[in-house]
Amino acid sequence: MITLDNVTAGFGAVQVLHGLSLSVEAGRLVAVVGANGAGKTTLLRAMSNIVRPSSGTITFNGRPTASMEPHHLARAGLVHVPQGRQIIPTLSVKDNLLIGAQRIAGLSSAEMEAGLQREFERFPVLRERQDLLGGNLSGGEQQMLAVSRALMMKPKLLMLDEPSLGLAPQIVKLILDTLRRLAEDGLAILLVEQLAHLALEVADEAYILQRGRIVLSGPASKLRSDKAVIESYLT
Amino acid sequence: MTLSNVFQLLMSGIAVGAIYTLTAKGLFIAHLATHRLNFGQGDFLMVGAYVTIGLMLLGVPAPLVLVGVLIVLGLLGWGLERFAIRPLDRAGDQTGGYAWVLTTAGAALILQNVVELIWGKAAQYAPPIFSATRNNVVHIGGVGIFVEELAIIAVAFVVVTAFYLFLFRTRWGKAIYAVAFNPEAAALLGVNVRGTVVLVFVLASLLAGISGFLVGPLVSVNPHMGLVFTIKAFAVASIGGFSNPVGLLAGGLLFGIVEAFSNYFDSSFGDLYPLIAVLILLAFRPTGLFSTRAADVR
């Protein structure tokens with residue numbers, strides 16, 4: 001699905017990611033865990049080509065992404081839910097759900113309507129709020145909307161940047177349970193999270209990121225019992 | 001002043017106000033998506049008026065004249081984004097935050113001089129577009145109204161309605177709101193941000209072109225008329241609130257009507273009073289009549 005090979009990226013002269021390699025396959029939920037400033041957000045931004053990697057290669061569905069614009073990647077199925085959810089406050093919930101889907105080539109109106117109904121089933125509160133402006137939703141509802149909006153785009157790889165940020169525990173659980181089910185249905189998911197215990201609980205595999213370098217990786221169940229991980233992230 | 005005078009002034013005010021609204025909408029849409037304004041918006045209108053005069057004097061039928069104006073102004077809008085806006089984006093912080101004021105005003109100066117070279121300095125009147133003579137009048141409730149003004153009002157309102165439908169009902173309109181909110185987030189939703197920015201500058205230019213097409217028979221056309229229209233469009237946008245498209249319509253009509261009445265009472269300084277009124281309004285209500293800070297999408 002997606003492979004990063006020795007990717008280095010940053011801002012001008014400041015390097016944030018140092019030779020990162022990782023991969024995510026269909027049907028797998030992969031977590032990237034790290035403290036503030038470890039480079040988690042920059043990793044996702046580099047994968048979406050918002051930040052252009054200075055070296056290394058990223059291959060998505062067998063195709064190098066270097067020459068692709070962020071909107072081309074999104075339309076090709078690499079869908080990124082950014083930190084802070086970025087719900088468009090002046091559009092209705094329904095329009096927020098449709099805006100990405102309307103850019104996917106070959107997606108018919110009937111398919112979009114079916115997608116809407118599917119997402120309303122997944123998060124019933126969105127059906128109730130569909131005519132409200134996105135900016136009027138609570139943080140939890142906005143996160144549900146952000147996930148649904150991304151799913152409306154028929155992603156092949158779904159990347160989420162700290163979806164737990166600022167949310168109540170029961171909403172975080174609802175979101176993570178949803179991601180788990182989506183992975184079991186065959187979707188590739190890359191979850192970037194600061195709350196390691198939550199991420200390692202739902203993930204199949206995980207990478208531990210420290211100052212832009214992967215210092216540990218492996219099955220999430222194994223990392224949950226790793227002494228260094230417990231000391232640094234789970235206590 | 002008779003009731004008939006009042007009604008005629010109202011119609012004249014609405015006609016010219018509708019044109020100000022169209023011009024101000026060009027400012028609004030570019031500002032919405034890019035936080036930039038075309039300081040030559042009135043000069044784009046002036047080019048629209050001259051292209052209209054040129055084609056009409058060649059005997060081209062009015063609908064084809066409008067098509068010609070739209071093609072020329074569409075190209076100008078594209079050129080403005082390509083050569084006066086995009087290079088500044090590429091240069092980033094090196095140009096400072098407001099270099100676009102100079103580049104768009106510079107583009108306006110170029111347009112003024114090119115038009116002066118082609119058509120000369122002298123003021124011209126466009127032939128009437130919608131009626132055989134300028135003084136064709138219809139009687140509504142015993143009051144005579146110029147056909148040209150009625151038609152201008154009708155066309156302007158059709159364009160304003162089409163603009164609203166485009167902005168609120170189409171996927172492109174929603175893309176503009178997405179880019180206005182956050183270009184990076186819009187790109188992650190598959191929106192072509194650069195394409196959207198080009199689109200808003202072309203749209204702004206087309207609105208100025210339609211204004212120029214309509215305004216020709218109402219005012220004298222000269223190569224330096226644009227600045228006044230730019231200032232009035234800014235005034236209208238200020239009354240309506242830069243982030244409120246419905247407020248712009250109300251602001252444009254209000255400005256046009258006040259201007260019509262002030263010109264009736266003082267033909268020498270009639271244009272001045274509505275501008276002073278706007279200054280006083282902004283002193284007390286900086287967000288305009290129809291907008292609040294909270295309503296701003298940014």
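Just so it is clear: chains get the letters A, B, ... in the order the sequence lines come, proteins before strands, and each one is counted from 1. For the numbers below, each heavy atom of this structure counts, side chains included, while hydrogens, waters and symmetry mates do not.
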- So, the part of I87(A) with a heavy atom under 4.5 Å from chain B: the answer is backbone

- Query: About how many Å separate CG of N96(A) and NZ of K174(B), when rounded to the nearest 0.5 Å?
  - Reply: 10.5 Å

- Item | Pair E69(A) + R194(B), salt bridge at N-O below 4.0 Å | no

- Task: Measure from the side-chain N and O atoms of R75(A) to the backbone N and O of G190(B), and report whether any donor-acceptor pair falls under 3.5 Å.
- Result: yes

- Query: side chain to side chain contact (heavy atoms under 4.5 Å, CB included) between L73(A) and L188(B): does it pass, once the steps are laid out?
  - Reply: CA-CA 8 Å; L73(A) 280 168; L188(B) 295 180; over 6 Å; no

- Message: Give me the atom names and distance for the closest heavy-atom approach of I99(A) to A178(B).
- Response: CD1-CB, 3.6 Å

- Message: Can you tell me which of A150(A), A76(A), G100(A), A101(A) forms the most heavy-atom pairs within a distance under 4.5 Å of chain B?
- Response: G100(A)

- Query: Would you say Y98(B) has more than 12 foreign heavy atoms packed within less than 6.0 Å of its OH?
  - Reply: no

- Message: So, using side-chain contact (heavy atoms from CB on, under 4.5 Å) as the criterion, who are the partners of V160(B) when residues are at least two apart?
- Response: T21(B), L22(B), K25(B), Y164(B), L249(B)

- Item | Heavy-atom contact with chain B under 4.5 Å, split by part of I50(A) | side chain

- Roughly how far apart are D95(A) CG and R171(B) CZ, rounded to 0.5 Å? 13.0 Å

- Query: Non-hydrogen atoms of chain A under 4.5 Å away: do they reach the side chain of N192(B), the backbone, both or neither?
  - Reply: both

- Message: With rounding to the nearest 0.5 angstrom, report the CZ to CG distance, F181(B) to L91(A).
- Response: 10.0 Å

- Task: Output the distance between atom CG (L98(A)) and atom CG (L189(B)), rounded to the nearest 0.5 Å.
- Result: 11.5 Å

- Can you see which heavy atom on A187(B) is nearest to which on A74(A), and at what distance? O-CB, 4.0 Å

- Task: Residue by residue, scan residues 155-167 of chain A and write down, ordered by number, those that have a heavy-atom distance under 4.5 Å to chain B; if none do, write 'none'.
- Result: none

- Message: Contact between Q86(A) and N182(B) at the side-chain level, heavy atoms closer than 4.5 Å - yes or no?
- Response: yes

- Message: If you count heavy atoms of other groups shown closer than 6.0 angstrom to CZ of R118(A), is the number above 12?
- Response: yes

- Task: Indicate the atoms forming the closest heavy-atom contact of V191(B) with H71(A), along with that distance.
- Result: O-CB, 3.3 Å

- Message: If you count every heavy atom of other residues, nucleotides or ligands that lies below 6.0 Å from R211(A) atom CZ, does the total exceed 12?
- Response: no

- Note on the structure: Honestly, the part of A175(B) sitting under 4.5 Å from a heavy atom of chain A is both

